[in-house]
2 protein chains.
Amino acid sequence: MAVNVRSRTGTRERIHDAGLTLFNERGYTGTTVRELADAVDLTPGAIYNHYPSKESLLFAIIDRVHDEADTILSETLRGVGNDPVAQLEALASAFTGFHIARPRETRVANRDYIYLPARERESVVRRRRRVRALFVEVLRDGERRGHFCFAELGSEDAVQAASMAILNMVVLVAEWFDPARSRSAAETAALHGRLALRIARSGR
Amino acid sequence: MAVNVRSRTGTRERIHDAGLTLFNERGYTGTTVRELADAVDLTPGAIYNHYPSKESLLFAIIDRVHDEADTILSETLRGVGNDPVAQLEALASAFTGFHIARPRETRVANRDYIYLPARERESVVRRRRRVRALFVEVLRDGERRGHFCFAELGSEDAVQAASMAILNMVVLVAEWFDPARSRSAAETAALHGRLALRIARSGR
DNA sequence: CGGCGCGATGAACGGCCGTTCATACTCCTG
DNA sequence: CAGGAGTATGAACGGCCGTTCATCGCGCCG
């Protein structure tokens, strides 16, 4: 009954999207499956025709955005040469664009993954570590080849700290970037690319 | 009855501390007042002799750490001269030390303030904005006086982006800093001071 | 055109939520 | 030694939580 014009398929996707919005706004534990159901005009029980549990929806959301992030990162790397300077700038820029384009997805992934059951959480932690390792690798490579400089910072943690500074800059761009007031996303992405080079102290 | 050796005073503080630990680990909405009570060996009802509500405990936690942050920041500024370069380095370094020293407090403040009721949340948002404004101010001052350079970045958002890059680096240090494996907190704080100067492109 | 199966319903499950309250204990003050 | 203030107890409150299930309607396929 009710609205029979309901699109047969796509319900799973609509739930996914509502989860994105609600988890983003209220957090995973702050969101109720009844709220989820209201948002997609469904009864709470109907949710379970599409996801076996609330946790599984959270995992679907986080896993997908990690897939997309991996894709962006590896495609960016594929489209740029061997030069660590170009690699770092392209990576920081592209990843910034990604985070501006997907603020809900990335916020939920970064904030709420701790609520995943152990198995899934560990899988996510592993994927996050791989992204960190990619940036560290590029930084180390660039240092070895004389394009970046961390020695003068006088700390063994310098490369890690620098890569985390870059990653945090990129990952949290959506906390301040305002499509209404800020310059274009592309310009901000380019800006972050250049700031990443500053952090690595490349002469550009 | 039970343990009569219970220290008469200090219960409010012990609840505050347990809230810190639990909110940090499970998030505000993921923490139960029964868990809180268990952590301090009390009955749920007894919590309400010390805080009128769960929300008020969250606010007490967040408000206190903001007080401490304000103190650190203004004392740091007071202890350093007029030079924007020295100011930025000192601010980034001191604030990094603060976040390493108080990982629970700062994580809860930054992540869970959204669960505060409107009045309190707005007060917190105002305090956060003031911190951001302080960094922007130092950056602009340094640029005006020729010590920092953002013009070459070619974006009107450059100063804001740079200040957010510095702030995010500082505020999230506890996500990777590991007292067991990392160098000392003081060394990491100094490192962040120097990285902040890189971001502002000071010649040091 | 009959039947099958997907997907929605709405009621219900046991359990936990934040909070309140009458009561009682204990310690400090006078 | 009396009494009041401060604080803990344990039971209870109404309400909401995530999830299950019997039931049923609708649209597609043979």
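Chain letters run A, B, ... following the sequence lines, proteins first, then strands; residues in each count from 1.
Residues meeting the side chain to side chain contact (heavy atoms under 4.5 Å, CB included) test with Ala190(B), sequence neighbours left out: Arg194(B). Residues forming a ring pair (Phe, Tyr, Trp, His ring centres under 6.0 Å) with His192(B) (at least two apart in sequence, or on another chain): none. For the salt bridge (Lys or Arg N to Asp or Glu O under 4.0 Å) test, residues two or more places apart in sequence or in another chain that qualify with Arg198(B) are Glu152(A). The salt bridge (Lys or Arg N to Asp or Glu O under 4.0 Å) test applied to Arg78(A) returns no partner, not counting sequence neighbours.
A salt bridge links Asp17(A) to Arg104(A): one of the charged nitrogens lies within less than 4.0 Å of a carboxylate oxygen. Using a 4.0 Å cut-off between a side-chain N of Lys or Arg and a carboxylate O of Asp or Glu, Glu175(A) and Arg111(A) do not qualify as a salt bridge.
Helix-axis bend for the helix from dC1(C)-dG30(D) to dG30(C)-dC1(D): the local axis fitted to the five terminal pairs at one end deviates from that at the other end by 10°, rounded to 10°.
For the segment residues 24-34 of chain B, the set of residues with a heavy atom within less than 4.0 Å of an atom of DNA chain C comprises Thr31(B), Thr32(B), Val33(B), Arg34(B), in numerical order.
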Show me the side-chain donor-acceptor pairs of residues 31-40 of chain A shorter than 3.5 Å, one per line, residues at least two apart or across chains.
unit_1, atom_1, unit_2, atom_2, d
Thr31(A), OG1, Leu22(A), O, 3.3
Thr31(A), OG1, Gly27(A), O, 2.8
Glu35(A), OE1, Thr32(A), N, 3.0
Glu35(A), OE2, Arg26(A), NH1, 3.0

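Atoms CG (Leu42(A)) and P (dA11(C)) sit 16 Å apart, rounded to a whole Å. Summarising the geometry, the separation between CG on Asp38(A) and P on dG18(D) is reported as 12 Å, rounded to the nearest angstrom. Rounded to an integer number of Å, the gap from Glu35(A) CD to dT19(D) C1' is 16 Å. Atom CG of Leu36(A) is separated from atom C1' of dC16(D) by 15 Å (rounded to the nearest Å). Counting to the nearest Å, the P atom of dG10(C) and the CG atom of Asp41(A) are 12 Å from each other. Distance CG (Asn49(B)) to P (dA22(C)): 14 Å, rounded to an integer number of Å. The distance between atom CD of Glu13(B) and atom P of dT7(D), rounded to the nearest whole Å, is 14 Å. For the pair Lys54(A) NZ and dC16(C) P, the computed distance is 16 Å after rounding to whole Å.
Between Gly45(A) and Tyr48(B), it is Gly45(A) whose nearest contact on DNA chain C lies nearer the 5' terminus.
Within the 4.0 Å cut-off from OP1 or OP2 of dA8(D), at least one side-chain nitrogen or oxygen of Thr11(B) is found. Look at His50(A) and you'll find a side-chain N or O under 4.0 angstrom from OP1 or OP2 of dA8(C).
Contacts classified as ring-ring contact (aromatic ring centres under 6.0 Å, His included) and involving residues 108-135 of chain A (residues at least two apart or in different chains) are given here: Tyr28(A)-Tyr115(A). Sorted by first and then second residue, the salt bridge (Lys or Arg N to Asp or Glu O under 4.0 Å) pairs with a member in residues 158-173 of chain B form an empty list; sequence neighbours excluded.
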